[in-house]
S.K.: 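Quick one: the structure is below, and I'll ask about it shortly.
We number each residue from 1, following the sequence as shown.
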Amino acid sequence: MSPRRTSAGGSIDRTRTIRFTFDGEAHTGHAGDTLASALLANGISLVGRSFKYHRPRGVFSAGADEPNALVTILREGVREPNIPATQIELHDGLRAESQNRFPSLAWDFGALNQLGGRLLGAGFYYKTFMGPVVGPLKGTRFWMMCEHVIRRAAGLGRADYEADPSRYEHMNAFCDVLVVGGGIAGLMAAEAAAKAGKRVILAEQEKQTGGFARWSGETIDAKPANAWAAEITARLAGLDNVRLLTRTAVWGYYDGNTLAALERVNDHVARTPKGHPRQRHWTIRARTVVLATGALERPIVFPGNDCPGVMLAGAVRRYAGEFGVLPGEKTVLFTNNDSAYQAAAAIRRAGGHVAAIVDVRKQIGDEATALATEAGVVPLTGHAIVGTKGGKALSGAVVQAFDADTGRLSGEARPIDCDSLAVSGGWQPVIHLASQAGGKPVWDAEKQAFLPPEPTQRWIGAGAFLGETGSAEALASGRNAGLKSADKRPSRAKLPETAPSALDLTPAPVLEIRGKGKAFVDFQHDVTADDVRLAHREGFVSVEHLKRYTTLGMATDQGKTSNVPGLAIMAAARGIEIPQAGTTRFRPPFSPVAIGALAAERYGDLKPERLTPLHDWHEEHGAEITPAGLWHRPLAYAGAGETVEQAYIREASAVRRSVGLVDVSTLGKIAVKGPDAATFLDRVYTNTFSTLKVGKARYGLMLREDGLVFDDGTTWRLGETDFLMTTTTANAGPVVQHLEYCLDILWPDLKAHLTSVTDQWAGAAIAGPKARAVLERCVTGTGVDNETLPFMGIVHGEIDGAPVMICRLSFSGELAYEVYCGAGHGVHVWEALLEAGEPFGITPYGMEALGALRIEKGHVTGAEIDGRTTARDLYLDGMLSKKKPFIGSGLMDRPALIDRNRLRLVGVVSLDGQPLGGGAHLVESGNRDEPGESIGHVTGYCYSPALEKYIGLALVKGGKTRHGKRAFLSDPLRKRFGQVEIVSHHFFDPDGERMHG
């Protein structure tokens, strides 16, 4: 038996021995241990080195708030640094290493930094930027000399260069009630909401529910609290409308009651089973959220408070109660409230020795006194710890008389032998998610803690999250929160019985004991109390400035134990109260999240890849795939021996000659619905849509607020209040953002709603003289003749049993139709169209042929709508309504935007038979070496099968005034220089006879 492992008690399984290594040395623990509890059980107090000074550090807490015991896990061939040992479940084969030390943890060369003293104080790197003016070291030269060393010294764990072999999943979930926190308040809330018939998700970051009940030793309904929690958990697990997510940390709260969570699915095993994810990222959208996130204990700041062996009192109680581990052979407790007395009694019950209880308060209550008696000590009230002894392990504490009202020490300091010091500075509710949801935390002077803000989203608090400290209060508030989330009234039914407590967990307003030596506020970033006061002297008194100047609260623990003490010290330095000093807003993530988990199935990609419903068909039929923004689209279907150019010329020729088929699923598609949908479209488009008839489509143009062209596309009126807007592929996302901004900010009174439905529809455009004949062979339920389906008309029917929506419109200049169906029917409809087109030699074509067809016709795309052109530049001024205002109408007539010498759209024809080159400049001079000033540039080019020559679109000064004139194409990067003729951009069928035929 380990010297610090108790012979009985706790929830570990002493019959199962777990073997693991720490820094290469073999150790054992038991099933149910964390790495932290196993290290403590093995008598290991030194587990790491601090960030800046490389001071020895030990385990400080027992949960997600751990600032010291960060380790690197060696798993499946890769290193994962900066994992709190308190959150690592022990398993056979676990390999862990300490961090931030060389050559070893016991003998660390970086510890020489402690000799730097004040040179490494707060903001030393900012001062290094400026540097001393000594000889040549002027300006930033001193920083440039020091930068390499500082950057190499920064950080804690060392990241790996190897690719992460783990698999991650991403899940979306919807529920009526999301309960965050599986303690007794969360369990009560989940059961109350579930019994009311609501769909409930309960997320708990630990491996099992129960929270404090697992180690408190209390009773609920005459049962051990942990047994009661297990029973209610089992009941919840048996309900069809409840999903329990353990090992799941909810780390972000976003708009619309959308929360992000990380489930550690297989982090507790040595190797992830094949095909299983290591972690799963959840995006949860909840109607109501119950925040039962509990509270975290905070320390008291005093000299030497970072010595290995100094821990939070609540952590000591948990290690003794849940893991059967004593923090040391002799423990001293230092407190400003009664919770440390519970820890002292827990140590005694586990067989440990309590050397002293040091309390800054002059008087304590009867129940605290009884617990001290049970622990075998008489409390030293009106005293404080003013220092510690020891280096790599605690060997003693120094105590002195202290007046909590004045903050003054008196009398002689005297030592107390101990190897463990448990500290409690009170409890801070975990309000991080509530703060992320919006609102400023509220300071409660009596509780000496920040309480959650007024809800700005639909959330309800419960338990210690609200600052309630008793089990009875937690049970009551949990049940009421669950009922309220289900729109039920509070119940008068009897609550589970708990033993009443007279303990006073309200802390005395003492969070710092001033003395000689370094007193740490933020353990992870080595921020001392003197650093906070230095920031005050140098003018960084704003909470946000304090945070960035000292790095207080900016480490991986996000200041869970340091924020309130840091604010208290700054407030004292300024001579104001803590709420006047303010508090920083908490930001996600609440706890660290791996980039791999965020990327999930798309891990390894810089950006997510978007595949159309027809992607596999394209690959199987020889398409060369190319990225188009985030989408992957067919470039061309090159046959054996064909180049891409030869392939697209063949494909485009087939469209002009007979019929072709192209995948247009990537076009942005936005459903615009509501009584004011037509009014909304009139305001965002330059032309009018309120007059559009149901069953018809119209080409539309959008401007930005500055009067420049933003996007173009067609919008279909499917019903009186139901429109389907299409956008360019690349602009689908920005257009949605633009429209949402307009609805939310500019016109919140409009009754209209937007939904991006791009992924819901598969789309195919069929174009060519035989396009109607193909549709007539496969479309049922509607006619497709000219009368039934005129130009810009819409019909609904079926193709081989699949529902389709067909709109007659063309961007190729040919008789053409766009056929939309549900994404799941995409391949089926596509193949049915190909089968119907076989007698006509139907040809699938890709983006290159699509581009050639649009250039021949003179249609503009993103190359011309580049954020610098106006509607007049593109000769689309006929679409600018003179009867109504619209976005951009107020600024589109500025003098610079109507200047006749602006770059305007033209066509260009190569006169030397050579390709043109996108982006190439057009000049008037024929001198290759000195081409002169540019008069414009080519936006897109192709070989035209209709004209049998290279053509292109260009933006040229003066536009139409240059038709029939010649210029030179200058493209030095491609070593291209040749003569071109400037012509109309309508190369093919300018009157639209083929399109309207």
S.K.: A side-chain contact here means heavy atoms from C-beta on lying under 4.5 Å apart; do Ile220 and Leu475 qualify?
M.R.: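 In contact.
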S.K.: Are any side-chain N or O atoms of Asn68 and backbone N or O atoms of Gly58, one a donor and one an acceptor, separated by less than 3.5 Å?
M.R.: yes
S.K.: Any donor-acceptor pair under 3.5 Å linking the side chain of Ser98 with the backbone of Val47?
M.R.: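 Checking the backbone N and O of Val47 against the side chain of Ser98, no donor-acceptor pair under 3.5 Å is found.
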S.K.: Can you tell me how far CD1 of Ile385 sits from OG1 of Thr335, rounded to the nearest 0.5 angstrom?
M.R.: 11.0 Å
S.K.: Out of curiosity, Trp251 CH2 to Arg587 CZ, how far, rounded to the nearest 0.5 Å?
M.R.: 13.0 Å
S.K.: Would you confirm whether Ser435, through its side chain, and Phe586, through its main-chain N or O, come within 3.5 Å as a donor-acceptor pair?
M.R.: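 Yes, because the side chain of Ser435 sits within donor-acceptor range (under 3.5 Å) of the backbone of Phe586.
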S.K.: Side chains of Trp282 and Ile201, heavy atoms from C-beta outward: is any pair under 4.5 Å?
M.R.: no
S.K.: Can you tell me how far apart NE2 (His268) and OG1 (Thr34) are? Round to the nearest 0.5 Å.
M.R.: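 Result: 14.5 Å between the selected atoms.
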S.K.: Which class fits the ring pair Phe302 and Phe334: parallel under 30°, tilted 30 to 60°, perpendicular over 60°?
M.R.: perpendicular
S.K.: Do Leu333 and Val354 come within less than 4.5 Å of each other through their side chains, counting heavy atoms only?
M.R.: yes
S.K.: Among Leu567, Ile569, Val564, Val301, which residue satisfies the side chain to side chain contact (heavy atoms under 4.5 Å, CB included) criterion with Leu511?
M.R.: Val564
S.K.: Using atom types as modelled and distance alone, determine if a side-chain donor or acceptor of Arg247 lies under 3.5 Å from a backbone N or O of Gln208.
M.R.: no
S.K.: Which is it for Met311 and Leu40 under the side chain to side chain contact (heavy atoms under 4.5 Å, CB included) test, yes or no, and what are the steps along the way?
M.R.: CA-CA 12 Å; Met311 298 173 64; Leu40 290 172; 4.2 Å; yes
S.K.: State whether Arg57 and Asp526 are salt-bridged, where the test is any N-O pair (Lys NZ or Arg NE/NH1/NH2 against Asp/Glu carboxylate O) under 4.0 Å.
M.R.: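 Here Arg57 pairs with Asp526 in a salt bridge, since their nearest N and O are under 4.0 Å apart.
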S.K.: Given side chains that start at C-beta, do those of Tyr253 and His432 come closer than 4.5 Å, heavy atoms only?
M.R.: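 No, side chains not in contact.
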S.K.: Return the orientation label for the Trp427 and Phe212 ring planes: parallel under 30°, perpendicular over 60°, tilted otherwise.
M.R.: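 Because their plane-to-plane angle is over 60°, the rings of Trp427 and Phe212 count as perpendicular.
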S.K.: Which pair of heavy atoms, one from Arg49 and one from Ala106, lies closest together, and at what distance?
M.R.: NH2-O, 3.2 Å
S.K.: Do you know which two heavy atoms are closest between Leu259 and Leu178, and how far apart they sit?
M.R.: CD1-CD2, 3.9 Å
S.K.: Between Leu394 and Ser45, is the side chain to side chain contact (heavy atoms under 4.5 Å, CB included) condition met? List the steps.
M.R.: CA-CA 9 Å; Leu394 185 71; Ser45 57; over 6 Å; no
S.K.: Take Arg75 and Thr272 through the test side chain to side chain donor-acceptor pair (under 3.5 Å) and record every step on the way to the result.
M.R.: CA-CA 10 Å; Arg75 175 189 172 94; Thr272 303; 2.8 Å; yes
S.K.: Run the numbers on Phe20 and Asp33 for side chain to side chain contact (heavy atoms under 4.5 Å, CB included), then give the verdict.
M.R.: CA-CA 11 Å; Phe20 69 100; Asp33 264 325; over 6 Å; no
S.K.: Near Lys330 NZ, under 6.0 Å, is it more than 12 heavy atoms from other residues, nucleotides or ligands?
M.R.: no
S.K.: Using side chain to side chain donor-acceptor pair (under 3.5 Å), reason through Ser477 and Glu468 one step at a time and then give a plain yes or no.
M.R.: CA-CA 9 Å; Ser477 66; Glu468 298 171 350; 3.1 Å; yes
S.K.: Before you tell me yes or no, could you show the steps for Thr498 and Glu218 under side chain to side chain donor-acceptor pair (under 3.5 Å), namely the whole-Å CA-CA distance, both residues' side-chain angles and the distance that decides it to 0.1 Å?
M.R.: CA-CA 8 Å; Thr498 59; Glu218 296 178 328; over 6 Å; no
S.K.: Which pair of heavy atoms, one from Ala422 and one from Val316, lies closest together, and at what distance?
M.R.: CB-CG2, 3.7 Å
S.K.: Does Asp522 form a salt bridge (charged side-chain N to carboxylate O under 4.0 Å, His left out) with Lys547? I'd like the steps, not just the answer.
M.R.: CA-CA 11 Å; Asp522 186 319; Lys547 179 176 180 178; over 6 Å; no
S.K.: State whether the side chain of Gln205 and the backbone N or O of Ala249 hold a donor-acceptor pair below 3.5 Å, judged by distance alone.
M.R.: no
S.K.: Using 0.5 Å steps for rounding, measure from the CD atom of Glu97 to the CZ atom of Phe22.
M.R.: 9.0 Å
S.K.: Does any part of the side chain of Pro379, heavy atoms only, come nearer than 4.5 Å to the side chain of Ile364, both counted from C-beta?
M.R.: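 In short, these two side chains touch, coming nearer than 4.5 Å.
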S.K.: So does Glu322 get a backbone contact from the side chain of Ser11, meaning a donor-acceptor N/O pair under 3.5 Å?
M.R.: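 Here the side-chain-to-backbone pair exists.
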S.K.: Judged by atom type as modelled, is there a donor-acceptor pair below 3.5 Å linking the side chain of His27 to the main-chain atoms of Thr21?
M.R.: no
S.K.: Of all the heavy-atom pairs spanning Asn337 and Ser424, show the shortest one and how long it is.
M.R.: ND2-OG, 3.0 Å
S.K.: Tell me whether the rings of Tyr53 and Phe520 are parallel (<30°), tilted (30 to 60°) or perpendicular (>60°).
M.R.: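 Answer is perpendicular, since the angle exceeds 60°.
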S.K.: Walk me through it: do Thr506 and Gln448 pass the test side chain to side chain contact (heavy atoms under 4.5 Å, CB included)?
M.R.: CA-CA 7 Å; Thr506 301; Gln448 287 288 294; 5.8 Å; no
S.K.: Could you tell me which residues satisfy side chain to side chain donor-acceptor pair (under 3.5 Å) with Tyr319, sequence neighbours excluded, listed by chain and number?
M.R.: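 Testing Tyr319 for side chain to side chain donor-acceptor pair (under 3.5 Å), a comparison that skips the adjacent residues, returns none.
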S.K.: Search all heavy atoms of Leu371 against all heavy atoms of Ala345 and return the closest pair with its distance.
M.R.: CD2-CB, 3.8 Å
S.K.: Would you say Thr561 and Leu296 make side-chain contact, with heavy atoms under 4.5 Å?
M.R.: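 Side chain of Thr561 against side chain of Leu296, heavy atoms only: no contact under 4.5 Å found.
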S.K.: Spell out, as yes or no, whether a donor-acceptor pair under 3.5 Å connects the side chain of Glu367 to the backbone of Ser501.
M.R.: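 It does not hold such a pair.
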S.K.: Is the shortest distance from a Lys or Arg side-chain nitrogen in Arg361 or Asp359 to a carboxylate oxygen in the other one below 4.0 Å?
M.R.: yes
S.K.: Can you tell if the side chain of Asp92 reaches within under 4.5 Å of the side chain of Arg19, non-hydrogen atoms only?
M.R.: yes
S.K.: Taking the side chain as C-beta and beyond, is there a heavy-atom pair between Pro429 and Leu451 under 4.5 Å?
M.R.: yes
S.K.: Identify the heavy atoms of Ala315 and Phe60 that sit nearest to each other, and give their distance.
M.R.: CB-O, 4.1 Å
S.K.: If the test is side chain to side chain donor-acceptor pair (under 3.5 Å), which one of Glu66, Glu297, Arg318 qualifies with Ser61?
M.R.: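 Running side chain to side chain donor-acceptor pair (under 3.5 Å) over Glu66, Glu297, Arg318 with Ser61 returns exactly one hit, Glu66.
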S.K.: I'd like to know if the side chain of Asn305 reaches the main chain of Ala519, judged simply by a donor and an acceptor atom lying under 3.5 Å from each other, with no hydrogens or angles considered.
M.R.: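 No, because the side chain of Asn305 does not come within donor-acceptor range (under 3.5 Å) of the backbone of Ala519.
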S.K.: When you measure from the side chain of Asn100 to the backbone N and O of Ser50, does any donor-acceptor pair fall under 3.5 Å?
M.R.: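 Yes, Asn100 side chain to Ser50 backbone: donor-acceptor pair under 3.5 Å.
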S.K.: Just verifying a value: how many Å separate Thr28 OG1 and Ile18 CD1, rounded to the nearest 0.5 Å?
M.R.: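 Interatomic distance, Thr28 OG1 to Ile18 CD1, rounded to 0.5 Å: 9.5 Å.
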S.K.: Considering residues, nucleotides and ligands other than Lys389, do more than 12 of their heavy atoms fall under 6.0 Å from its NZ?
M.R.: no
S.K.: For the atom pair OG1 (Thr6) and CD1 (Ile12), what is the distance rounded to the nearest 0.5 Å?
M.R.: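 Reported to 0.5 Å precision, the distance equals 6.5 Å.
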